[in-house]
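Data block below; observations after.
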Amino acid sequence: QVQVVESGGGLVQPGGSLRLSCTVSGILFEHYAMGWFRQTPGKEREGVSSIKWSGTSTYYSDSVKGRFTISRDNGKSTLYLQMNSLKPEDTAIYYCAASPVWKEGIPISSRDYNHWGRGTQVTVSS
């Protein structure tokens, strides 16, 4: 049974930082690309960032580039998202997902991801 569990969300002021974690079990974590997505009510799920199984290649959406950093620890089967300089428009439910596919240099698509967590709420507000 595959389990994907996000943690680390919360309420933070604009300009602040949060670190999300995602622990995965039931699959060979090091064989999967991993991604972070986010969604707000009434909007489509947005691909935020992804990382190749080896950690040697990453992707960031234009909206978070330079502020967010994705990383992974294959020994702990854990994915991270360090979020700095947070803005109110970063407010969303953040989802972690696993994909057997890596597509270099193009925006990530939820269609390529087949194992999902339930999400963690991030709220950026003063």
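Values below: every heavy atom of this structure, side chains too, minus hydrogens, waters and symmetry copies. The chain is numbered in sequence order, starting from 1.
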Point to revise | Rounded distance [0.5 Å steps], CD in Gln82 versus CZ in Arg67 | key: 12.0 Å
**Study point:** Asp112 to Ser99 - nearest heavy-atom pair and separation
**Key:** O-OG, 2.6 Å
Check your understanding: Hey, does Thr78 have a side-chain heavy atom less than 4.5 Å from the side chain of Val24?
Key -> no
Practice item. Can you measure from OG (Ser17) to CE (Met83) and round to the nearest 0.5 angstrom? Key: 8.5 Å
Review point. Can you list the steps and then say if Glu104 with Ser57 is a side chain to side chain donor-acceptor pair (under 3.5 Å)?
Key: CA-CA 8 Å; Glu104 187 72 36; Ser57 190; 2.8 Å; yes
Exercise for review: Could you give me the CA-CA distance, side-chain angles and deciding distance for Phe68 and Ser61, then say whether side-chain contact (heavy atoms from CB on, under 4.5 Å) is met?
Suggested key: CA-CA 10 Å; Phe68 290 10; Ser61 67; over 6 Å; no
Review point. Trp53, Leu79: one ILVMFWY side-chain cluster at the under-4.5 Å cut-off?
Key: no
Check your understanding: OG/Ser21 to CZ/Arg72 distance, rounded to the nearest 0.5 angstrom?
Key -> 14.0 Å
Review point. When you look at CD of Glu89, are more than 12 heavy atoms from neighbouring residues, nucleotides or ligands closer to it than 6.0 Å?
Key: yes
Review point. For the side chain of Glu30 and the backbone of Asn74, is there at least one donor-acceptor N/O pair under 3.5 Å apart?
Key: no
Check your understanding: Under a 4.5 Å cut-off applied to non-hydrogen side-chain atoms, are Trp116 and Val4 in contact?
Key -> no
Revision key, fill the gap. CZ of Arg38 to CG of Leu81, rounded to nearest 0.5 Å, is 9.5 Å
Review point. According to a 4.5 Å side-chain heavy-atom criterion applied to Ile, Leu, Val, Met, Phe, Trp and Tyr, with indirect links allowed, do Trp36 and Phe29 form part of one hydrophobic cluster?
Key: yes
Check your understanding: Any idea how Phe37 and Tyr113 line up, ring-wise: parallel (<30°), tilted (30 to 60°), or perpendicular (>60°)?
Key -> perpendicular
Check your understanding: Do you know the tightest heavy-atom contact between Asp90 and Tyr94?
Key -> O-OH, 2.6 Å
Study note, to complete from the structure: Rounded to the nearest 0.5 Å, the OG atom of Ser77 sits from the CE atom of Met34 at a distance of 9.5 Å
Review point. Does the side chain of Thr91 come within less than 4.5 Å of Val122's, by heavy atoms?
Key: no
Exercise for review: Answer yes or no: is there a donor N or O on one side and an acceptor on the other, between the side chain of Thr120 and the main chain of Gly9, under 3.5 Å?
Suggested key: yes
Point to revise | side chain to side chain donor-acceptor pair (under 3.5 Å) between Ser63 and Glu46, intermediate numbers included | key: CA-CA 10 Å; Ser63 60; Glu46 173 193 8; 3.0 Å; yes
Check your understanding: Distance-only, no hydrogens or angles: does the Glu6 side chain make a donor-acceptor pair with backbone N or O of Cys96 under 3.5 Å?
Key -> yes
Point to revise | Shortest non-hydrogen separation from Ser126 to Pro14 and the atoms involved | key: N-CD, 3.7 Å
Point to revise | Cluster overlap Val48 with Tyr59, hydrophobic side-chain contacts below 4.5 Å | key: no
Practice item. Indicate, with yes or no, if Leu20 and Tyr80 share a hydrophobic cluster defined by side-chain heavy-atom contacts under 4.5 Å among Ile, Leu, Val, Met, Phe, Trp and Tyr. Key: no
Exercise for review: Check whether Ile51 and Tyr95 end up in the same hydrophobic cluster, where Ile, Leu, Val, Met, Phe, Trp and Tyr are linked by side-chain heavy atoms less than 4.5 Å apart.
Suggested key: no
Check your understanding: Does a side-chain heavy-atom distance below 4.5 Å link Arg118 with Ile93?
Key -> no
Review point. Rounded to the nearest 0.5 Å, how far apart are CD1 of Ile27 and CG of Asn114?
Key: 7.5 Å
Review point. Would you call Asp62 and Lys65 a salt bridge, taking side-chain N to carboxylate O under 4.0 Å as the test?
Key: yes
